[in-house]
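Worksheet for the structure shown next.
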Amino acid sequence: MTETTWLWSGCIGMALGAVALFVVGKHRTQDEEGHTILHVIVPVVASLSYFAQATRQGSVVLSDGREFLFARYVDWAITTPLLLLGLTMTALHGAHRRPGLVAAILGADVLMIVTGGFYAASVATGPKWIWYLVSCGAFLAVYAGLFGPLRREAQDRDPVRRVEYGRNVALLAVLWLIYPVLDLLGDSGLQVWGPTATTASITVLDLTAKIVYGFVILAGARKVADHDLSHGHVEPAPVSTEAVPSGADAHPHPRASRTTSR
Ligand code: RET
């Protein structure tokens with residue numbers, strides 16, 4: 001298969017995956033609705049990025065003759081924060097809690113992708129490896145957030161959420177670890193293999209990290225929603241939540257929140 005065929009496979013695979021995730025996704029609670037929306041948007045963005053790459057609108061030829069597929073990094077800059085947002089929603093029972101922590105994890109992630117893009121676009125060797133190291137530093141900061149404070153938050157929640165978070169973060173961490181290795185060995189880095197092999201392996205990995213991972217998350221979100229609904233402490237998705245003062249219980253019983261006096 002040529003590089004372009006791989007790119008078209010990514011475009012079509014992501015589009016079909018988005019439709020499948022949309023069909024299986026449910027909206028019974030705000031949490032479940034949030035996960036469904038996130039895991040449909042992610043492959044839609046990726047499909048468009050693969051379209052741009054396949055039609056050569058999402059790439060430029062660098063002065064050393066390599067092709068820099070910048071649409072790949074634009075895709076990752078949008079989709080990786082969305083995937084992490086899903087994890088924070090599970091750990092925090094809604095991403096509105098600890099906004100500073102959520103912003104730190106998502107901010108480090110965007111920094112990782114942007115500096116990774118500069119690495120891939122570098123022609124001069126010195127700056128290239130500095131960008132790579134900075135990107136890896138930001139990657140470590142993301143992992144520190146996920147396995148430190150966010151995991152502690154998940155452990156303080158109900159057993160269903162705790163198990164969901166543990167499984168999801170482990171799967172995400174393993175899949176994401178492969179990206180810097182592939183990009184290092186590919187044509188942006190040590191050039192152990194060429195552009196076609198790089199694109200082929202990244203396409204397969206992307207489909208796994210977005211579509212397969214999306215199915216796993218939506219199945220888990222269904223279990224969490226079943227648990228929440230059976231305990232009766234969630235509001236249905238279309239009902240808006242009331243503002244919660246800092247430090248107050250963010251999930252009072254629906255009836256209790258209605259009787260709160262001003
Ligand atoms: C780069 C190269 C520089 C060093 C590091 C990288 C990490 C990239 C990652 C990408 C994840 C992408 C996903 C996309 C699909 O959903 C930029 C390759 C650390 C972790 C999950």
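FYI, the numbering just counts along the sequence from 1. Order of appearance sets the numbers: ligands from 1, and atoms from 1 within every ligand.
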With heavy atoms under 4.0 Å as the rule, classify the contact between Leu182 and ligand 1 as side chain, backbone, both or neither.
neither
Where is the nearest protein heavy atom to atom 8 (C) of ligand 1: which residue, which atom, and how far?
Tyr179 CB, 3.7 Å
Using heavy-atom distances only, which candidate in Met112, Lys210, Met14 approaches atom 20 (C) of ligand 1 most closely?
Met112
Is any N or O atom of Tyr132, backbone or side chain, closer than 3.5 Å to an N or O atom of ligand 1?
no
If you have a sec, work out which protein heavy atom is nearest atom 7 (C) of ligand 1 and how many Å separate them, to one decimal?
Pro180 CD, 4.0 Å
Any side-chain heavy atom of Asp75 within less than 4.5 Å of one from Lys210?
yes
Contact partition for Asp206 relative to ligand 1, non-hydrogen atoms under 4.0 Å
side chain
Lys/Arg-Asp/Glu bridge criterion (N-O < 4.0 Å) met for Arg161, Asp228:
yes
Parallel, tilted or perpendicular: which describes the rings of His39 and His35, with under 30° parallel and over 60° perpendicular?
parallel
Of Ser135, Gly116, Pro43, the residue with the heavy atom nearest atom 6 (C) of ligand 1 is Ser135
Under-4.0 Å heavy-atom contact with ligand 1, by part of Leu83 that carries it:
side chain
Are Ser49 and Gln53 close enough that a side-chain donor and a side-chain acceptor fall under 3.5 Å?
yes
Does Thr36 use its side chain to pair, donor to acceptor, with the backbone of Lys26 at less than 3.5 Å?
yes
At under 4.0 Å between heavy atoms, which part of Trp176 makes contact with ligand 1: side chain, backbone, both or neither?
both
Check the hydrophobic clustering (I, L, V, M, F, W, Y; side-chain heavy atoms under 4.5 Å; chains of links allowed) and say if Val204 and Trp176 are grouped together.
no
ILVMFWY cluster, Leu133 and Tyr73 together (side-chain gap under 4.5 Å):
no
Going by heavy-atom distance to atom 1 (C) of ligand 1, choose the closest among Asp75, Leu207, Asp183, Thr80.
Asp183
Could you state whether Val114 and Val134 fall into the same hydrophobic cluster, counting links through intermediate Ile, Leu, Val, Met, Phe, Trp or Tyr residues with side-chain heavy atoms under 4.5 angstrom apart?
no
For ligand 1, which atoms, with element, lie under 4.0 Å from some heavy atom of Phe139?
19 (C), 20 (C)
